[in-house]
Amino acid sequence: MKPALGPAASTSPFKGRLDWPQLLGWLREDGLVAGADAERVTARFRAGASSLHPLVRLGGAGLLRRGSGAALDTEALTEWLAGRCQLPYLRIDPLRVDVGRVAEVMSVQYAQMRLALPVQVNDREVVVATAEPFDTGWVSEIEGHLKRPLRLVLANPDEIRRYTTEFYALARSVRAAQKSGETSTTASFEQLVELGRANKALDANDQGVVQVVDWLWQYAFDQRASDIHLEPRRDMGAIRFRIDGVLHTVYQVPLAVMSAMTSRIKLLGRMDVVEKRRPLDGRIKTRRPDTPEGGKGGEVEMRLSTLPTAFGEKLVMRIFDPDTVVKGLTALGFGAHEAERWQQLIQRPHGIVLVTGPTGSGKTTTLYSTLKQLATDEVNVCTIEDPIEMIEPAFNQTQVQPALDMGFAEGLRALMRQDPDIIMVGEIRDLATAEMAIQAALTGHLVFSTLHTNDAAAAITRLADLGVPSYLIGATVIGVLAQRLVRTLCPACKQPDEAVTRELIDELAKPWRLHGAVRACKPVGCLECRHTGFRGRAGLYELLTLSEAARGAVHPALDAVALKRTAVREGMRPLRLAGAMKVAEGLTTVEEVLRSTPAFDG
């Protein structure tokens, strides 16, 4: 929430609802629109009536700001009007609204009639967003009812209408679901399990539960969430979204409602609804909502995972959007140097290519994007995964099934008889899997896999620790890509950061020195980035290729430092250096790089 900057408030008294002639007159009075532009709009509007709010109607009339020629759309007009009537201007952020308390302030009919929406409720005051700043006769009614003062802020009328519908529909659905599955919040764990066992199957198809689950998914898609967490707590259940790698609590629901939601999602994911004592996995395919412009919503796949906890089943849904999971190298964050070397590496006819990094560092996205590029009609691409992250028609994908004694090693052995050209193994976890991957590489296949290590050179050490002979590592491994994800600064609100000097960048990149301009920026925060200052994530990459010189460092007495030094001489840029370059370009911050990357010790 921020006060708008604009002309001083009009001294002429005005009461009641806004109309477009009055707004147009104020725009001319403040010198924002030219006389000819105003006359054109006047002639056009007089031809017919409209049910649109005056701000929305003028915002769609094609008015241009006098002097700059910038479009005066509904949002710009709302911000201007907030300055004129000296009210704070607000872009409604649904993640910051306690939806459950909104419905307690006023009924949905009252909110729609007054074009007002409560956005913040606490013990001291109630903040209400309105699009009618001079229609305030109702304020004293609500203050008398709540026994608290009301504070008005001005917001876009389209946003008020949209969120009024969404917030009240959600609150209504939660109340309906709660009535159909009331349970004591002080019940013991065993009682909750027994009650859930008796009621969840019925609750899962309750109309209120169906609506809450549908809202949850569409809201997660709108907020660019990568994961949805349903977490039962002692008194309430928490719904959290992971956005740009950070978890945000978006709503709290009664335990009975969360139990029913979990059952509903398990039912759709073809999981055992009754089984709550052991972890389960499932998969759901759904669609994004159609866009207001008439575009069709794309298909979205979600991977489900449940885990029994002290207060009930915890459910995590990982969202795999094909439009965001499979990207080009530039979109992933590869610089020109790394992208060129990576393209040369993956065009090799055989060998092992490893992608390393901690959980959540984007390894799967890099592999899927690379395999998608390689999967032409002329080659057979096969994968063995645990679990299959996203169904991709261009691959032949196989799921590890430990219950049937088919792990990575057994699956890879079976894939070898399927005439593959390119093989992707989800993870090398043991010597048996490593030996099968080496066998595949020695017999003319290109093999991709992942390891959990801190940097690229450590992957070679990890293979040696598993028991792979050094001569086989040198003969088969052709490259290792280490990666991390860092949050990128929001392009809408980031500002230059004079505190980040060239000396600080050189200290970050030490022992290297960067050339060229330093355009470091800092996070600010706006509605586009949910006031975090960051929007999206990009990869940092460290690519070690095993040339003849590098293979010389792979021997029984493996010297990781010597291997790193050789790799650097042949073009490897460490993760910390890649991060320093992103800071200098104004894409991320020093703190993000320090948090995500290890110091170079070569």
Side-chain angles (χ1 to χ4, degrees), residues 1-10 12-94 97 110-119 127-139 150-167 292-293 526-528:
M1 191 184 302
K2 63 184 181 70
L5 299 176
S10 174
S12 57
F14 183 84
K15 294 292 182 183
R17 294 243 165 179
L18 296 170
D19 57 37
W20 68 264
Q22 183 69 66
L23 285 176
L24 197 56
W26 287 343
L27 285 168
R28 293 189 66 175
E29 183 181 315
D30 290 345
L32 262 69
V33 297
D37 215 8
E39 290 170 5
R40 172 184 61 80
V41 172
T42 300
R44 172 182 165 187
F45 283 2
R46 280 177 179 163
S50 173
S51 60
L52 295 175
H53 188 278
L55 286 171
V56 177
R57 197 175 186 197
L58 286 174
L63 288 170
L64 300 178
R65 187 182 292 270
R66 191 174 184 177
S68 68
L72 286 171
D73 57 10
T74 304
E75 201 64 53
L77 290 173
T78 304
E79 188 168 4
W80 158 77
L81 182 61
R84 196 175 215 283
C85 63
Q86 294 185 338
L87 282 180
Y89 160 73
L90 175 71
R91 285 285 300 274
I92 299 175
D93 182 358
V97 177
Y110 196 94
Q112 290 171 337
M113 178 177 66
R114 297 299 184 184
L115 198 57
L117 177 65
V119 293
V127 180
V128 178
T130 180
E132 293 289 349
F134 303 106
D135 180 20
T136 57
W138 55 273
V139 171
L150 249 65
R151 182 160 61 89
L152 295 181
V153 295
L154 200 68
N156 186 323
D158 278 341
E159 284 192 351
I160 292 177
R161 285 197 176 95
R162 172 192 170 188
Y163 289 122
T164 298
T165 301
E166 289 187 10
F167 291 169
E293 295 77 18
C526 65
L527 185 66
E528 296 295 324

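Just the heavy atoms: all of them, side chains too, but no hydrogens, waters or symmetry mates, feed the values below. Given the structure is predicted, the values throughout are model-derived calculations rather than measurements.
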Heavy-atom nearest pair, Ala76 first then Ala71, reads CB-O, 4.2 Å
Looking only at heavy atoms, the pair that brings Ala61 and Arg40 closest together is O-NH1, 3.3 Å
Between Pro54 and Trp20, the two heavy atoms sitting closest are CB-N, 3.8 Å
Exercise. Is any side-chain heavy atom of Leu72 closer than 4.5 Å to a side-chain heavy atom of Trp80?
Worked result: no
With Leu152 as partner, the option from Val127, Leu90, Val139 fulfilling side-chain contact (heavy atoms from CB on, under 4.5 Å) is Val139
In this structure, CG of Asp135 is separated from CE of Met113 (nearest 0.5 Å) by 9.0 Å
Distance col, row Phe167:CZ vs Ile92:CD1, nearest 0.5 angstrom, shows 7.0 Å
d(Arg65 CZ, Asp37 CG) to nearest 0.5 Å is 12.5 Å
| query | Do Thr78 and Pro157 come within less than 4.5 Å of each other through their side chains, counting heavy atoms only? | reply | yes
CG (Leu24) and CG (Leu32) are apart, to the nearest 0.5 Å, by 11.0 Å
On a heavy-atom basis, the closest approach of Leu18 and Glu132 is N-OE1, 2.9 Å
Value for CZ (Arg57) from CZ (Phe45), rounded to nearest 0.5 Å, stands at 5.0 Å
- Item | Whether Gln112 side chain and Arg161 backbone form a donor-acceptor pair below 3.5 Å | no
On a heavy-atom basis, the closest approach of Gly59 and Leu77 is N-CD1, 3.5 Å
Would you say Asp158's side chain and Val56's backbone share a donor-acceptor pair under 3.5 angstrom? no
What one should report as the nearest heavy-atom pair of Ala116 and Val128 is CB-CG1, 3.7 Å
The reported gap from CG in Leu23 to CZ in Arg28 (rounded to nearest 0.5 angstrom) is 14.0 Å
